[in-house]
Amino acid sequence: MARVNRVQIDEAIANFQYEGVLTEEKPYGSGHINDTFLLTFKIAEMGTMKVILQRMNKEIFTNPVELMENIVSVTSFLRDKIEKSGGDPERETLNVIPAADGKPYFVDYKGEYWRSYKFITDAACFDQVEKPDDFYQSALAFGNFQRLLADYPADTLHETIVGFHDTKARFQTFQDAVKADVCGRAKEVQKEIDFVLSHEDVANVFGELQEKGEIPLRVTHNDTKLNNIMIDNVTGKGICVIDLDTVMPGLAMNDFGDSIRFGASTAAEDEQDLSKVSCDMDLFEIYVKGFLEGCGGKLTPKEAELLPMGAKVMTFECGMRFLTDYLEGDHYFKIHREGHNLDRCRTQFKLVEDMEKKWDIMQSIVKKYQR
Ligand code: ADP
Ligand code: GN1
Ligand code: MG
């Protein structure tokens with residue numbers, strides 16, 4: 001997407017139901033998809049109010065109206081449950097701020113879509129695990145999120161990205177990208193291409209089990225990385241699950257797995273020194289414990305048994321997506337340097353290899369907590 005320009009952002013700010021005087025505006029967070037800004041308003045003598053303003057990525061989310069319909073509906077469903085259990089819905093779920101015309105989004109003069117959320121104060125998002133307990137709390141919160149949405153009417157949800165975790169289809173897209181080689185980059189990355197090709201079985205495993213009816217579709221988050229959860233600064237609890245763009249029917253193992261690929265890694269997702277990258281078994285264990293607790297015993301024995309496979313599938317898929325994007329000229333994930341997507345792809349494949357070495361340990365850890 002072209003960068004956000006000044007006129008667009010001013011137009012967006014003027015068209016949401018904000019109160020007070022804008023005193024600060026800055027780009028915010030480290031998401032790879034949307035353009036996020038933090039705005040601060042001064043409200044009379046009452047103090048300040050912060051909000052998140054986002055330009056949604058229209059190239060990726062091709063139907064932002066349906067996407068916002070999902071978010072409004074899921075957040076009101078959660079709000080209701082949070083209220084009933086005596087929680088604080090202002091902090092424990094996203095709160096959409098309406099546009100001036102009452103819609104949950106604003107369309108700017110370029111036809112691009114914006115939305116706004118109340119900023120969750122006194123909480124933080126992490127790009128890497130700093131304290132193991134934060135990872136445990138994120139596991140509890142993502143497991144709990146799945147449990148809270150277990151009775152959400154799944155057939156009313158729009159599929160915001162078709163085939164988002166259809167790993168088999170993504171394998172095909174990858175092969176097409178290698179064949180087309182639009183940037184002439186394939187020759188530099190033969191080793192990584194061969195890695196993908198030698199793992200076709202990993203791309204197929206969940207599709208085959210679904211066809212056989214051995215694993216259920218649930219309402220899942222589908223993008224469960226650590227920086228999509230807010231940890232309360234005071235209590236240290238995983239207070240709110242954010243980035244709800246991909247809440248759709250999906251697989252419990254994939255929600256588990258995406259958290260592992262990002263949070264149980266000993267290095268950043270884009271680390272260039274691969275000797276620093278491995279899958280930490282202590283963090284893996286902490287997450288297994290928290291996730292199973294959060295799901296409240298709702299996973300079937302088959303799903304629990306497949307959790308290590310979820311970690312491998314999601315890590316492999318993500319590496320393959322980064323490599324596809326590198327081959328196609330970096331149009332999907334935001335990059336901040338040359339070869340950024342290739343660096344990201346390499347960490348993911350290093351993690352897959354490491355998981356293969358630690359496979360027996362991963363399985364015995366899951367057995368220990370399975371109930
Ligand atoms: P992306 O899809 O680009 O990852 P996110 O919705 O995850 O976009 O937002 C990017 C970042 O902005 C998050 O990682 C988080 O740091 C911050 N953020 C988003 N929503 C909120 C919120 N309501 N309160 C506080 N911070 C938020
Ligand atoms: C993207 O939106 P963000 O930055 O939380 C991506 C995920 C990837 C992740 C890799 C909608 O997540 O699928 O796993 O980057 N989100 C989308 O870090 O494609
Ligand atoms: Mg995000």
Side-chain angles (χ1 to χ4, degrees), residues 1 4 26-40 49-62 64 67-68 70-71 75 89-97 114-128 138 142 159-167 170 220-233 239-248 250 254-255 257-263 265 268-271 311 313-325 331-336 340-341 343-345 347-348 351:
M1 296 261 296
V4 171
K26 59 178 185 188
Y28 195 72
S30 48
H32 295 338
I33 306 295
N34 297 305
D35 291 281
T36 305
F37 300 87
L38 172 63
L39 310 181
T40 309
M49 160 114 188
K50 289 182 180 201
V51 305
I52 287 284
L53 176 66
Q54 280 182 327
R55 178 184 67 167
M56 291 180 256
N57 190 320
K58 205 172 82 164
E59 279 164 18
I60 293 177
F61 298 109
T62 50
L67 183 147
M68 288 312 292
N70 278 1
I71 291 190
T75 52
E90 292 292 301
R91 284 172 66 64
E92 294 172 29
T93 184
L94 285 174
N95 286 274
V96 174
I97 300 175
W114 295 75
R115 66 167 167 225
S116 186
Y117 294 121
K118 287 187 189 164
F119 183 80
I120 298 162
T121 50
D122 306 312
C125 278
F126 297 101
D127 285 321
Q128 246 185 295
S138 79
F142 277 127
E159 204 175 352
T160 54
I161 298 178
V162 175
F164 189 53
H165 285 318
D166 182 344
T167 318
R170 289 198 179 273
T220 49
H221 182 279
N222 296 305
D223 189 1
T224 52
K225 62 184 195 187
L226 186 64
N227 64 18
N228 285 332
I229 201 129
M230 313 269 328
I231 308 274
D232 189 294
N233 291 343
I239 184 118
C240 183
V241 173
I242 62 168
D243 202 346
L244 304 178
D245 295 335
T246 52
V247 173
M248 290 184 279
N254 286 345
D255 268 9
D258 200 39
S259 292
I260 297 299
R261 72 148 198 96
F262 190 87
S265 172
E269 192 184 56
D270 59 358
E271 174 59 56
V313 170
M314 278 300 95
T315 312
F316 172 70
E317 183 192 275
C318 198
M320 180 167 70
R321 291 172 63 196
F322 286 141
L323 186 56
T324 304
D325 202 31
H331 63 88
Y332 188 97
F333 296 103
K334 282 194 187 144
I335 55 164
H336 306 290
H340 207 167
N341 275 317
D343 294 338
R344 290 170 176 153
C345 148
T347 61
Q348 302 307 292
L351 284 170

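Remember, it's a predicted structure, so these values are computed and weren't measured experimentally. One-based numbering, in listed order, for ligands and for the atoms of each.
- Looking at atom 10 (C) of ligand 1, its nearest protein heavy atom turns out to be T36 OG1, 3.7 Å.
- Defined by atom type and a distance below 3.5 Å, a donor-acceptor pair is missing between the side-chain atoms of D223 and T246.
- Put simply, the side chain of E269 reaches to within 4.5 Å of the side chain of Q348, judged on heavy atoms.
- Only protein N, O or S atoms were considered, and those under 2.8 Å from the Mg ion (ligand 3) are N228 OD1, D243 OD2.
- Under the side chain to side chain donor-acceptor pair (under 3.5 Å) rule, D245 has a single partner from H221, R115, Q54, which is R115.
- Protein heavy atom nearest atom 11 (C) of ligand 1, with residue, atom name and distance: G29 CA, 4.0 Å.
- With a 4.0 Å heavy-atom cut-off, ligand 1 is reached by the side chain of N228 but not by its N, CA, C or O.
- Residue contacts with ligand 1 for N95 are absent, since no atom lies close enough (heavy atoms, distance under 4.0 Å).
- Atom 14 (O) of ligand 1 has its closest protein heavy atom at N227 O, 2.9 Å.
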**Report entry** Full working for side-chain contact (heavy atoms from CB on, under 4.5 Å) between K225 and H32
**Finding:** CA-CA 12 Å; K225 62 184 195 187; H32 295 338; 3.6 Å; yes

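- In terms of protein heavy-atom proximity, atom 24 (N) of ligand 1 is closest to I120 N, 2.9 Å.
- Among the atoms of R115, none of the N or O lies under 3.5 angstrom from an N or O of ligand 1.
- Contact atoms of ligand 2 toward C318: 10 (C), 14 (O) (distance under 4.0 Å to a heavy atom of the residue).
- Residues A268 and T347 approach most closely at O-CG2, 3.9 Å, considering heavy atoms.
- For atom 16 (O) of ligand 1, the closest non-hydrogen atom on the protein side is C125 SG, 3.5 Å.
- Atom NZ of K334 and atom CE of M1 lie 9.0 Å apart (nearest 0.5 Å).
- Between the side chain of D325 and the backbone N or O of F333, at least one donor-acceptor pair lies under 3.5 Å.
- Using modelled atom types, no side-chain atom of D343 and backbone atom of D270 make a donor-acceptor pair closer than 3.5 Å.
- The part of R261 lying near ligand 2 is the side chain, judged by heavy-atom distances below 4.0 Å.
- The protein heavy atom nearest to atom 13 (O) of ligand 2 is R321 NH1, 2.8 Å.
- Residue-level proximity to ligand 1 for I52 is carried by the side chain, the only part with a heavy atom below 4.0 angstrom.
- N341 has its side chain out of reach of Y332: every pair of non-hydrogen atoms, C-beta onward, lies at least 4.5 Å apart.
- Taking any N or O of Q54, backbone or side chain, at least one lies under 3.5 Å from an N or O belonging to ligand 1.
- Protein heavy atom at the shortest distance from atom 12 (O) of ligand 2 is D223 OD2, 3.1 Å.
- Of the N or O atoms in N34, one or more lie within a sub-3.5 Å distance of an N or O in ligand 1.
- For the pair M320 and R170, the minimum side-chain heavy-atom distance is below 4.5 Å.
- Within ligand 2, counting atoms from 1 as listed, the ones closer than 4.0 Å to a heavy atom of F322 are 10 (C).
- Among the atoms of E269, some N or O lies under 3.5 angstrom from an N or O of ligand 2.
- The side chain of K225, and not its backbone, has at least one atom closer than 4.0 Å to an atom of ligand 2 (non-hydrogen atoms only; side chain from C-beta on).
- A heavy-atom distance below 4.5 Å is not found between the side chains of Y117 and L244.
- Remark: the backbone N or O of I120 is not paired with any side-chain donor or acceptor of D122 at under 3.5 angstrom.
- Among the atoms of D243, some N or O lies under 3.5 angstrom from an N or O of ligand 2.
- In terms of polar-atom proximity, S30 is not counted as a contact of ligand 1, lacking any N or O under 3.5 Å from an N or O of the ligand.
- Only the side chain of N228 comes within 4.0 Å of ligand 2, counting heavy atoms alone; its backbone N, CA, C and O stay farther away.
- Two residues are said to be in side-chain contact when any heavy atoms from C-beta on lie closer than 4.5 Å; I242 and C125 meet this criterion.
- Where the criterion is an N or O separation shorter than 3.5 Å, residue side chain and backbone included, F119 fails it with respect to ligand 1.
- Those atoms of ligand 2 with a heavy atom of G31 less than 4.0 angstrom away are 4 (O).
- The proximity of F333 to ligand 2, defined as any non-hydrogen pair under 4.0 Å, is limited to the side chain.
- Heavy-atom distances between K334 and ligand 1 stay at or above 4.0 Å for every pair.
- Of all non-hydrogen atoms in N34 and M56, the two that sit nearest each other are OD1-CA, 3.3 Å.
- I97 has its side chain within reach of K118: a pair of non-hydrogen atoms, C-beta onward, lies under 4.5 Å apart.
- Of all protein heavy atoms, the one lying nearest to atom 1 (P) of ligand 1 is D243 OD2, 3.5 Å.
- Distances between N or O atoms of H32 and those of ligand 2 include at least one value under 3.5 Å.
- Put simply, the side chain of D255 gets close to the backbone of N222: a donor and an acceptor are under 3.5 Å apart.
- In terms of protein heavy atoms, atom 1 (C) of ligand 2 is closest to I33 CG1, 3.8 Å.
- The proximity of K118 to ligand 1, defined as any non-hydrogen pair under 4.0 Å, is limited to the backbone.
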Report task. Just do the side chain to side chain donor-acceptor pair (under 3.5 Å) check on T167 and E317 with the steps written out, would you? Result -> CA-CA 6 Å; T167 318; E317 183 192 275; 2.9 Å; yes

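- With a 4.0 Å heavy-atom cut-off, ligand 1 is reached by the side chain of I242 but not by its N, CA, C or O.
- Here the heavy atom of the protein found nearest to atom 17 (C) of ligand 2 is Y332 OH, 3.5 Å.
- The main-chain N or O of P89 is found under 3.5 Å from a side-chain atom of N95 such that the two form a donor-acceptor pair.
- Electrostatic pairing of R91 and D232 counts as a salt bridge here, judged by a charged N lying under 4.0 Å from a carboxylate O.
- By the 4.0 Å heavy-atom criterion, F61 is counted among the residues contacting ligand 2.
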